[in-house]
Amino acid sequence: MNNVTPFHGPALGVGISLPLNDRVFVSANMSALYMIGVFDAKKNTRYISDPPPNPFSGGDDPFEKSRMQQFGLNLEPAIGLNPGEGMPIISLGLRFQWLRVHFTETKQGVEVPGPSDWMNDYLYGVFVSAVYVF
């Protein structure tokens with residue numbers, strides 16, 4: 001099963017860059033996020049063979065599509081190099097994102113399955129960027 005859950009919303013953040021010498025710098029960005037989206041299980045479900053029997057026989061599955069919301073923080077520290085005029089600025093950094101996710105609705109008088117409280121979602125990794133200034 002592949003669940004794609006698009007979220008959209010505003011973010012507000014701050015960033016700082018400090019030179020270590022003429023060519024090397026460090027930077028950090030931090031953002032607060034708030035987003036809303038829709039979990040659509042039916043649209044994103046793929047079966048290799050026949051689908052399994054529907055446990056909610058006698059009508060539509062009340063949990064196929066549910067609204068959700070999330071909020072959290074995004075942090076991106078990096079170190080960079082400016083090799084000189086006419087060359088791209090290269091940076092290497094880390095990204096850590098922590099989100100609190102929650103189903104926000106009930107269907108047919110029944111809460112959406114899963115934790116009734118907020119759930120944690122983490123994303124982390126390494127990034128490399130090259131920026132050419134002209």
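Reckoned from all heavy atoms, side chains included, excluding hydrogens, waters and symmetry mates.
- The closest side-chain donor-acceptor pair between Tyr34 and Gln69 falls under 3.5 angstrom.
- Criterion: ILVMFWY side-chain heavy atoms under 4.5 Å apart, direct or through other members. Under it, Val26 and Val24 are part of a common hydrophobic cluster.
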Fill in: side chain to side chain contact (heavy atoms under 4.5 Å, CB included) evaluation trace for Leu99 with Asn120
CA-CA 6 Å; Leu99 295 169; Asn120 289 314; over 6 Å; no
Worksheet entry | side chain to side chain contact (heavy atoms under 4.5 Å, CB included) assessment of Asn29 paired with Val14 | CA-CA 6 Å; Asn29 295 297; Val14 295; over 6 Å; no
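- Separating the NE2 atom in His102 from the CE atom in Met119 is a distance of 8.0 Å, to the nearest 0.5 Å.
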Discussion item. Evaluate Met68 against Phe7 for side chain to side chain contact (heavy atoms under 4.5 Å, CB included), listing each step before the verdict.
Written reply: CA-CA 9 Å; Met68 300 174 73; Phe7 281 89; 3.8 Å; yes
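- Both Phe25 and Val133 are assigned to one and the same hydrophobic cluster, defined by single-linkage of ILVMFWY side chains at heavy-atom distances under 4.5 Å.
- Sorted by first and then second residue, the salt bridge (Lys or Arg N to Asp or Glu O under 4.0 Å) pairs involving residues 73-90 (not counting sequence neighbours) are Glu76-Arg95.
- Between Ala130 and Ile90 the shortest heavy-atom distance is CB-CD1, 3.7 Å.
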Worksheet item: Checking side chain to side chain contact (heavy atoms under 4.5 Å, CB included) for the pair Met35/His8: CA distance, chi angles, key distance, verdict?
Response: CA-CA 5 Å; Met35 295 181 278; His8 305 282; 6.0 Å; no
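- Heavy atoms from other residues, nucleotides or ligands lying under 6.0 Å from CD1 of Ile36 number 12 at most.
- Closest non-hydrogen pair, Ala78 versus Phe127, comes out as CB-CZ, 4.1 Å.
- Residues passing the side-chain contact (heavy atoms from CB on, under 4.5 Å) test with Phe96, sequence neighbours excluded: Trp98, Tyr122, Tyr124.
- For residues 121-131, the set of pairs meeting the salt bridge (Lys or Arg N to Asp or Glu O under 4.0 Å) definition, not counting sequence neighbours, is empty.
- Note that CD1 of Ile79 and CG of Leu18 are 11.5 Å apart. Values are rounded to the nearest 0.5 Å.
- Between Pro88 and Val131, the closest side-chain pair of non-hydrogen atoms is not below 4.5 Å.
- In the hydrophobic cluster analysis, where Ile, Leu, Val, Met, Phe, Trp and Tyr join through side-chain heavy atoms closer than 4.5 angstrom, Leu81 is grouped together with Leu20.
- Taking all atoms of both residues into account, the shortest heavy-atom contact from Ser27 to Ser17 is CB-OG, 3.5 Å.
- The hydrophobic cluster containing Leu12 does not contain Met30, counting ILVMFWY residues as joined when their side-chain heavy atoms lie under 4.5 angstrom apart, directly or transitively.
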